[in-house]
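Each residue takes its place number in the sequence, starting with 1.
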Amino acid sequence: MEASDESRVSSDFSDPITGRPYNLLSEADASHISRSLEERWDSSIALQELPADRHRELILSAIKKHQVVVIAGDTGCGKTTRIPRYILEDAILCGHGAHCNMLITQPRRISAVSVAHRVGQELGPSLRRNVGYQVRLESDLPPRGGALLFCTVGVLLKKLQTNPELRGVSHVVVDEVHERDVNTDFLLILLQQVLDLNPNIKIVLMSATGDNERISRYFGDCPIVRVPGFMYPVKEHYLEDILPVLRRRSYQKPQVCTGDAQECVPDLDLISDVILHIDKCGPPGGILCFLPGWQEIRRVQEILQQQRNGQHLILPVHSNVPLMNQQAIFERPPPGVRKIVLATNIAETSVTIDDIVHVVDTGMHKEQRYDLKTKVSCLDTTWVSKSNVTQRRGRAGRCQPGFSYHLFTREQHQAMPTFQVAEILRTPLENLVVQAKIHTPEMTAVEFLSQALESPDRSAVMDAVRFLQEIRVLDKNEELTLLGQRVASISTDPSLAKAIVLASIFRCLHPLLVIVACLTKDPFLGGIMNRTEVNKVKTMFSGQSCSDHLAFVRVYQTWKEVLSTGNGAARDDFAEDNVLSKSALRFIQGLVTQFSSNVQDAALVDEAYECMNRSALCNQLSDQDELVKGILLAGLYPKLIQVRRGYVIRGKFRPSSLLYKTKSGPVLLHKSTVNRDVKNFVMPWLTYFQAVKSSNVVFVRDSSMVHPLAVLLLTDSSVTMRDNGEQMVVSLSDTDLLKLESDPRTITLIGDLRCALSRMVERNLQDQLPPLSFQEEVQYTELLRILADLLNSTAHRFTEQAPAEE
């Protein structure tokens, strides 16, 4: 190809479709692609008519006339699969198919992949390659020029970082916009900016049961095109209709859900009985049951399998299930076999399982809420909204008449809210604020998030800003610090990203990558039934470290060693013997690879493969357990627990009981942490990442015992020193959780070492300085060795100053 001004590579932008550097097509290339698309379109297959087909011209006309259009499409109208096809078909038949390149977002991985496959099949063999998908850690990208790329919202947000104008994209289609998850609301803010930067782009917002008028107003009163759906009749049964049929007086766990402050308790016996009753008495066809969470799915699956007689195919579908296995829910079972799909709300939208006849709706889901006072997120089981009920009912009746069994009363249904509370109003905002600083650094966080469809409370935004300033990711002017710029490159929670950045500097990177990956995706098979066995395995791998996090590292490393032998049976035996999920381990392996690329993007290593090379410089101290735990603490601080022995409860002093105290107040250790039953800690301080609130008690789910010197030397808190004559007391300035006594010379040396380490970190975060000289490299290595040796050898050298009487 001859290079010209029009076809030269623009190195400042990446192509949102292909991921390669973006370049404009020459007129000759565009003409050639458009002709090829037109020729191949003639061979596309004929489709069964859907309700949206009757509105094709109205939809296309609105999209051509307006930069933003809302499509309000009822369940079953075909909007998800047909509207992108209409746009592509129109472009191809008008002779400019090469310039039609669409990004279509879906709220979930399974939706993006399954819809891409469906649309690709419908376009026929000659155009199937023009449809692709991209989700986290998995992609099948189409070539640019007449391309449809289905992706999750998170993937599109990442693309906007490297191409904020979305050059090379003709249309952005945001499906299921009514779900109002935090990423979608964030995306809508950025799309407002894209509209100003790129006047040629078209935005299509598709919604089923949402508040479409609100969305229209948000985009300047853009038009709403309403597309009625077609549904076969669905006969509804409510709880008062169901219980007499089951002829059972009571259930072990009555449903409880009286308000926002209380959790719902799903009655698993009731759910199982309803499914078994349908199986025994209902007409042929699949059953889709909506459950609140993975543990409920596993328990109901176990109950049903006890009744199994060879005539059932029970399929769980949840975010913990790998994509390959999730696809099984779309396959038809053999004749005479009843398919039973047990799902969370992952199956609520954009998923058509065409042989489903019966829907069992518990009326519940897991919903994250954030407590500003305790700084703890609560994953509560709560009632869904009326719009959720409508969506769930619509999973039956898509392809034939159906039945919906609501495990709540008509009165409870009427009391449900019309729509869900937007996630942006009930979630911590730290990650969102960091993302805002990447996209619009000139705006304050409050200014940016005030542009949201529903703005979060100002105090919640400022609380997130203060936290990011506390961990040195933002400065006092709300600008990303040198540390913050590196943190922003790593696709995880800001505290965990900070730990990864510090691990690259302190040369213990690989263990931190594994820890962060395992905190993102649990490698163990979850559920109450497996808890005892999982705890035994974690305790064994933790050894003397008193650390869930090091247990993760050792489990992963052992699994990798078994993998390297090439012995499939040994690999399967290792997973089974240690209650591990093979799919989760593979996902964790993918996350480690992705984080390694992030670390390279952050200019912390020269090549991504170094992160996983145990002999590389960035892993020089990866075998130093106390250092690894100290660096994790440095990222997670102020998540520090002081373990105290003896406290007063209900007026009685209990000398042997342990009190777990944090900066925000007392907590309890959850049954899932290896430290739950530890009675004597060599060093009575712990760090943690996950805490959950239940029944007004905060439970810490993971923990690691940490060295007091790690707290003093590696955290961002300032320290104070007080001379008591022969002894000096050193403590953290922002909390009373750590006070140590020692002789003045030792305390002074600790202060000097702390300053030296701080200077070393700052030096390594600079990107404008020349490489370290030989002498500096020697000093740097020696400093790290001194730190590692101190943490390994001084656990008993410092005594904690006795706390004041309470």
Side-chain angles (χ1 to χ4, degrees), residues 374-375 466-467 469-472 495 498-499 502 506 546 626-627 629-648 658-667 675 680-688 691 698 700 703-762 783 786-787 789-806:
T374 62
K375 309 293 188 298
R466 281 190 293 271
F467 176 78
Q469 289 170 332
E470 185 178 357
I471 67 171
R472 312 291 172 89
S495 294
K498 177 182 176 182
L502 293 175
F506 284 84
C546 293
E626 290 303 328
L627 177 63
K629 292 190 292 182
I631 296 304
L632 177 64
L633 163 70
L636 297 180
Y637 189 82
K639 290 182 176 178
L640 177 68
I641 298 172
Q642 180 191 41
V643 185
R644 291 184 180 179
R645 183 173 300 281
Y647 62 96
V648 176
L658 298 181
L659 173 67
Y660 305 96
K661 185 179 178 184
T662 71
K663 187 176 179 180
S664 302
V667 297
N675 290 317
N680 294 291
F681 289 96
V682 176
M683 297 171 285
W685 291 274
L686 306 171
T687 190
Y688 66 96
V698 177
V700 168
S703 62
S704 284
M705 181 179 69
V706 291
H707 198 297
L709 278 183
V711 183
L712 285 175
L713 294 172
L714 299 174
T715 62
D716 285 324
S717 173
S718 58
V719 298
T720 58
M721 299 182 185
R722 189 174 75 251
D723 193 342
N724 283 353
E726 293 184 0
Q727 295 286 91
M728 286 188 72
V729 177
V730 60
S731 60
L732 302 178
S733 301
D734 60 353
T735 178
D736 63 350
L737 297 179
L738 183 73
K739 293 182 180 179
L740 299 180
E741 287 185 338
S742 191
D743 61 90
R745 180 175 179 273
T746 299
I747 296 297
T748 301
L749 288 173
I750 288 174
D752 292 343
L753 179 56
R754 177 184 164 91
C755 291
L757 291 170
S758 179
R759 287 194 299 269
M760 183 196 74
V761 170
E762 288 300 314
L783 187 61
I786 290 171
L787 173 63
D789 289 345
L790 274 175
L791 297 181
N792 288 335
S793 62
T794 58
H796 304 283
R797 296 287 297 276
F798 293 86
T799 58
E800 183 188 10
Q801 187 187 44
E805 291 293 327
E806 294 185 0

Between Leu757 and Leu713 the two heavy atoms that sit nearest each other are CD1-CB, 4.1 Å
Can you tell me how far CG of Leu740 sits from CD1 of Ile747, rounded to the nearest 0.5 angstrom? 7.0 Å
Would you please test Leu787 and Leu714 for side chain to side chain contact (heavy atoms under 4.5 Å, CB included) and show each step? CA-CA 10 Å; Leu787 173 63; Leu714 299 174; 4.1 Å; yes
Pick from Glu726, Met728, Gln727: which one makes a side chain to side chain contact (heavy atoms under 4.5 Å, CB included) with Glu741? Gln727
When you check the side-chain N and O atoms of Asp734 and Tyr637, is any donor under 3.5 Å from an acceptor? yes
We want to know whether Ser717 and Ser733 form a side-chain donor-acceptor pair, criterion being a heavy-atom distance below 3.5 angstrom. no
Would you say that Ile641 contacts Tyr688 through its side chain, given a criterion of any heavy-atom pair below 4.5 Å between the two side chains? yes
Could you check whether any side-chain heavy atom of Asp716 comes within less than 4.5 Å of a side-chain heavy atom of Lys498, counting everything from C-beta outward? yes
Between Val719 and Leu712, is any pair of side-chain heavy atoms under 4.5 Å apart? yes
Rounded to the nearest 0.5 Å, the CG atom of Asp743 sits from the OG1 atom of Thr748 at a distance of 8.5 Å
For the residue pair Gly630 and Ala710, what are the closest heavy atoms and their distance? CA-CB, 3.9 Å
Nearest 0.5 Å please: distance from the CD atom of Glu626 over to the CG atom of Asp789. 12.5 Å
Between the main-chain N or O of Leu640 and the side-chain N or O of Lys663, is there a donor-acceptor pair closer than 3.5 Å? no
If I take atom CZ from residue Phe681 and atom CZ from residue Arg645, how far apart are they, to the nearest 0.5 angstrom? 9.0 Å
Closest approach of His707 and Leu790, non-hydrogen atoms and distance? NE2-O, 3.9 Å
Heavy-atom closest contact (Lys629 atom, Ser704 atom, distance): CD-CB, 4.0 Å
Value rounded to 0.5 Å, distance of CZ in Arg754 from CG in Leu709: 11.5 Å
Do the side chain of Thr687 and the main chain of Lys639 share a donor and acceptor less than 3.5 angstrom apart? yes
Testing the basics here: between Gly635 and Leu502, what is the closest heavy-atom pair and its distance to 0.1 Å? N-CD1, 4.3 Å
Can you list the steps and then say if Leu732 with Leu737 is a side chain to side chain contact (heavy atoms under 4.5 Å, CB included)? CA-CA 8 Å; Leu732 302 178; Leu737 297 179; 5.5 Å; no
Salt bridge or not for Arg759 and Glu762, using N-O below 4.0 Å? no
Quick check: closest heavy atoms across Ile631 and Ala499, and the distance to 0.1 Å? CG2-O, 3.6 Å
Determine yes or no for a side-chain-to-main-chain donor-acceptor pair under 3.5 angstrom, with Arg644 supplying the side chain and Lys661 the backbone. no
